[in-house]
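Taking it in order: structure first as structure tokens, then the write-up.
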Amino acid sequence: MKIDLDNLISIYKSLLKQYGRQGWWPLLSCENIKNNKGYHPGDYSYPRNNQQKFEICVGAILTQNTAWTNVEKALFNLKDEKLLNAKAIKDSKIEELRVAVKPAGYYNQKADYLKAFSFFYLSLKGKTPARAELFAVKGIGPETADSILLYAYSMPEFIVDAYTKRMFSQLGFFSEKERYHNVKEMFEKALPKDVNLYQEYHALIVKHAKNNNSRKNKIAET
DNA sequence: AGCCAGGCTACCG
DNA sequence: CGGTAGCATGGC
């Protein structure tokens, strides 16, 4: 297959055909992780309330370099402790927060990150944050910012994660060490500026990468 | 028993 | 600037 930007669209189509719609972002209220059919496939109307919006932000922070199964445990802990909302986290004792997020790993840092984010989130008073504002919050880098914007705020920001870099560098689009911004820009130039497309594409990349779960195996071009 | 997972910060040269 | 050690749990 010849490699050019049009292929980013055909790769999307073949991934979609192979795996179907993934129904991202994972929400506790649509907990379907075991059935392999996605969370709310084909339904792009999430988040439907501020509770879900905040939950996505928390999940995006907790999943940094961490398996989602571990993140889920932490999210359930937070929910059980009535800590899955910004005001509660802002007012919480940091020790409590650490215990709750422990299963997600890096729990000292992540407790601090959630604290900082909750203050920031409340300061927004419902407004959509600018990407640069998110960057300024401790613990939020490019991928987390884009995850929050794309899935919590439905903004057209393409997410670049380790899977995206690995998969598309193996396909010859760029080096695995290419800068975040350059990769992001490549996708955003090649694709229509469509939130649902960005959401689905990222979810499919993760699905495909997990399906071929070894960094040593070449990812098939499907 | 290691290796790995949907990164980020702090600090180094 | 670019490069990397450290952070930590749970699943396979």
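Protein chains get the first letters and strands the later ones, always in sequence-line order, with residue 1 at the start of each. What you see is a predicted model; the values in this text were computed from it and never measured.
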- Message: Has A:K115 got a side-chain atom pairing as donor or acceptor with A:K90's backbone, closer than 3.5 angstrom?
- Response: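 Flag set: sc A:K115 to bb A:K90 pair under 3.5 Å.
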Could you check how far [atom1] of [X] sits from [atom2] of [N], rounded to whole Å?
X: A:K165; N: B:dC8; atom1: NZ; atom2: P; result: 10 Å
X: A:K110; N: C:dT9; atom1: NZ; atom2: C1'; result: 9 Å
X: A:K207; N: B:dA5; atom1: NZ; atom2: C1'; result: 16 Å
X: A:N212; N: B:dA5; atom1: CG; atom2: P; result: 13 Å
X: A:D112; N: B:dC8; atom1: CG; atom2: P; result: 16 Å
X: A:N65; N: C:dT4; atom1: CG; atom2: P; result: 16 Å
X: A:Q109; N: C:dA8; atom1: CD; atom2: P; result: 5 Å
X: A:I159; N: B:dG7; atom1: CD1; atom2: P; result: 11 Å

- Item | Sub-4.5 Å side-chain heavy-atom contact between A:F168 and A:I11 |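 Sidechains of A:I11 and A:F168: in contact.
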- Message: Please compare A:Y151 and A:K138 by the position of their nearest nucleotide in DNA chain B and report the one closer to 5'.
- Response: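 Here A:Y151 is the residue nearer the 5' end.
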Nucleotide nearest [X] (side chain, heavy atoms from C-beta), chosen from [options]:
X: A:E143; options: B:dC8, C:dG10, C:dC7; value: B:dC8
X: A:N108; options: B:dC8, C:dA8, C:dT9; value: C:dA8
X: A:T144; options: B:dC8, B:dA5, C:dT4; value: B:dC8

- Message: The test is ring pair (Phe, Tyr, Trp, His ring centres under 6.0 Å); show your working for A:Y39 and A:Y46 and say whether it passes.
- Response: CA-CA 11 Å; A:Y39 297 87; A:Y46 292 90; over 10 Å; no
- Indicate, with a heavy-atom threshold strictly under 4.0 Å, whether A:Y106 touches base, sugar-phosphate, or nothing.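 Base: the residue A:Y106, judged by heavy atoms under 4.0 Å, touches a nucleobase.
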- Message: Using a 4.0 Å heavy-atom cut-off, does A:A104 contact any base of the nucleic acid, only the sugar-phosphate backbone, or nothing at all?
- Response: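 No contact.
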Gap in Å between the two [atom1] atoms, one belonging to [N] and one to [M], rounded:
N: C:dG10; M: B:dC8; atom1: P; answer: 22 Å
N: B:dC3; M: C:dA5; atom1: P; answer: 15 Å
N: B:dG2; M: C:dA8; atom1: P; answer: 22 Å

- Message: Go through it in stages, so that I can follow the logic: the residues are A:N85 and A:L78, the test is side-chain contact (heavy atoms from CB on, under 4.5 Å), and I'd like the CA-CA distance, side-chain angles, deciding distance and then a yes or no.
- Response: CA-CA 9 Å; A:N85 68 80; A:L78 289 169; over 6 Å; no
- Message: Can you tell me which residue among A:R179, A:E178, A:E185 is in a side-chain hydrogen bond (donor to acceptor under 3.5 Å, both in side chains) with A:N182?
- Response: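 For A:N182, the side-chain hydrogen bond (donor to acceptor under 3.5 Å, both in side chains) test succeeds with only one of A:R179, A:E178, A:E185, which is A:E178.
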- Is the phosphate of B:dA5, meaning OP1 or OP2, less than 4.0 Å from a side-chain N or O of A:R166?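 Looking at the OP1 and OP2 atoms of B:dA5, one of them is under 4.0 Å from a side-chain N or O of A:R166.
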- Task: Of all the heavy-atom pairs spanning A:T164 and A:F174, show the shortest one and how long it is.
- Result: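 Answer, listing the atom of A:T164 first, then A:F174: O-CZ, 4.1 Å.
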- Query: Between A:R131 and A:D146, is the closest basic N to carboxylate O distance under 4.0 Å?
  - Reply: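 Result for this pair is yes, salt bridge flagged.
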- Message: Return whichever of A:R179 or A:N70 has its heavy-atom-nearest nucleotide of DNA chain C closer to the 5' end.
- Response: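 Here A:R179 is the residue nearer the 5' end.
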- Could you write out DNA chain B as a dot-bracket string, with dots for unpaired bases, | for bases paired across to another strand, and Watson-Crick or G-U pairs counted at under 3.5 Å? .||||.|||||||
- Message: Less than 6.0 angstrom from the centroid, inside 45 degrees of the normal: does A:K184 satisfy that with respect to the ring of A:F158?
- Response: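 No - A:K184 does not lie over the ring of A:F158 by the 6.0 Å and 45° rule.
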